Amino acid sequence: MTENPRKKILIAPSILSADFSRLGDEIREVEEAGADWIHVDVMDGHFVPNLTIGPVVVQGLRKATKIPLDVHLMIEEPWKYFSAFKEAGADWITVHYEACSKNLSDALRKIRETGLRCGISIRPKTDPEVLEPFWDETDLILVMTVEPGFGGQAFMPEAIGKVPWIRKKYKGLISVDGGINEKTAHEAIRAGTDILVAGTAVFGKPDRKRAIEALLAR
Ligand code: DX5
Ligand code: ZN
């Protein structure tokens with residue numbers, strides 16, 4: 001395993017599990033509790049069966065926090081919305097390999113030209129070898145450990161096996177998303193991830209500071 005015990009692991013709480021009736025307070029609370037980034041799950045009802053939020057909510061989040069907003073686009077034709085998310089205050093945009101496999105290079109270049117950092121996400125069943133042509137074109141790889149679409153699903157252990165392989169080949173940031181909790185976080189860290197995305201395991205707990213500390217406990 002490739003774990004570096006001195007490496008800082010970033011925590012990115014996913015707002016999908018937050019209380020949307022008091023989103024600003026939720027964000028301020030997790031920021032105070034030690035969150036490094038805020039993860040924003042955007043779904044279009046086509047690429048995934050669920051519908052969530054768009055740039056207008058990112059605009060609201062931007063007013064509540066200064067930490068990076070990490071926008072995960074689970075949508076088809078994501079390039080239509082890069083500028084809107086940039087104007088709303090996003091810092092990172094991650095697109096799905098499966099949503100733009102034919103023009104992924106163009107999509108990544110457009111994100112960078114917009115002035116944002118870019119990421120590629122792969123579904124649990126996607127072979128990580130598809131990433132080979134893109135190592136230099138992306139700032140982040142996001143490995144899904146659940147089928148994208150919903151929060152609160154069970155971690156798929158077979159998907160985490162891709163992380164050590166990616167870690168060997170790729171020098172940028174690796175993020176793991178889906179079913180991360182006290183137990184699986186440790187597995188993801190041992191596999192070599194830099195960032196833990198966690199919805200239920202942070203927003204589902206009353207004490208967010210303790211929840212974040214529990215994810216980082218070794
Ligand atoms: C799933 C999303 C995840 C999800 C994580 O499609 O990309 O970010 O909200 O939620 P938990 O941590 O509850 O699995
Ligand atoms: Zn996500």
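The shown structure was predicted, so the numbers you read here are calculated from the model rather than taken from an experiment. Both counts, for ligands and for their atoms, begin at 1 and track the order of listing.
Contacts between A198 and ligand 1 below 4.0 angstrom, taking non-hydrogen atoms only, involve the backbone exclusively.
Annotation: G149 places an N or O atom under 3.5 Å from an N or O atom of ligand 1; distance criterion only. At under 3.5 Å, a nitrogen or oxygen of S14, whether backbone or side chain, sits near a nitrogen or oxygen of ligand 1. At least one N/O-N/O distance between G179 and ligand 1 falls below 3.5 Å.
Note on ligand 1: A201 sits outside its first shell, no heavy atom being nearer than 4.0 Å. Heavy-atom separations between F150 and ligand 1 include at least one value shorter than 4.0 Å.
For ligand 1, the atoms closer than 4.0 angstrom to any heavy atom of M74 are 6 (O), 7 (O). Interface of M43 with ligand 1, defined as ligand atoms under 4.0 Å from a residue heavy atom, comprises 6 (O). Proximity to L16 (heavy-atom distance under 4.0 Å) selects the following atoms of ligand 1: 9 (O). Listed by number with element, the atoms of ligand 1 under 4.0 angstrom from any heavy atom of P148 are 6 (O). Every atom of ligand 1 is numbered from 1 in the order shown, and the set under 4.0 Å from a heavy atom of T200 is 11 (P), 12 (O), 13 (O). For ligand 1, the atoms sitting less than 4.0 Å from at least one non-hydrogen atom of V197 are 8 (O), numbered in the order shown with element in parentheses. Which parts of ligand 1 touch D41 is read off a 4.0 Å heavy-atom cut-off, strictly below it: atoms 2 (C), 3 (C), 4 (C), 7 (O), 8 (O), 9 (O). Residue H39 has at least one heavy-atom neighbour below 4.0 Å for each of these atoms of ligand 1: 8 (O).
Remark: minimum distance from atom 5 (C) of ligand 1 to any protein heavy atom is reached at D177 OD1, 3.6 Å. Closest to atom 10 (O) of ligand 1 among all protein heavy atoms lies G151 CA, 3.6 Å. The protein heavy-atom contact nearest to atom 12 (O) of ligand 1 is G199 N, 2.8 Å.
H72 contributes atom ND1 as its closest N/O/S atom to the Zn ion (ligand 2). Among heteroatoms of the N, O or S kind in D41, OD1 lies nearest the Zn ion (ligand 2).
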Inset, instruction - Determine, step by step, whether H96 and S121 satisfy the side-chain hydrogen bond (donor to acceptor under 3.5 Å, both in side chains) criterion, reporting the C-alpha distance in whole Å, the side-chain angles of both residues, the deciding distance to 0.1 Å, and the verdict. - result: CA-CA 5 Å; H96 264 267; S121 182; 3.3 Å; yes

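Put simply, the side chain of T114 never gets that close to the backbone of S83: no donor and acceptor are under 3.5 Å apart.
For the salt bridge (charged side-chain N to carboxylate O under 4.0 Å, His left out) test with R208, the passing option among E32, E213, E26 is E26; the others fail.
Using a cut-off of 4.0 Å between Lys/Arg side-chain N and Asp/Glu carboxylate O, D36 and K8 are scored as salt-bridged. With respect to the salt-bridge test (charged N to carboxylate O, under 4.0 angstrom), the residues K209 and E29 do not qualify. Here K162 does not pair with D127 in a salt bridge; the nearest charged N to carboxylate O distance is not below 4.0 Å. Looking at K80 and E77, a side-chain N of the basic residue comes within less than 4.0 Å of a carboxylate O on the acidic one, giving a salt bridge. Using a cut-off of 4.0 Å between Lys/Arg side-chain N and Asp/Glu carboxylate O, K86 and D91 are scored as not salt-bridged. Under 4.0 Å is where a charged nitrogen must lie from a carboxylate oxygen, and between D136 and K171 no such pair does.
The shortest distance between side-chain heavy atoms of L140 and I195 falls below 4.5 Å.
Remark: R123 is positioned above the aromatic ring of F47, its terminal NZ or CZ atom under 6.0 angstrom from the ring centre and at most 45 degrees off the axis.
Rounding to the nearest 10°, we obtain 100° for the angle at the Zn ion (ligand 2) between D177 OD2 and H39 NE2.
Nearest heavy atom pair, residue H39 against residue D41, reads NE2-OD1, 2.9 Å.
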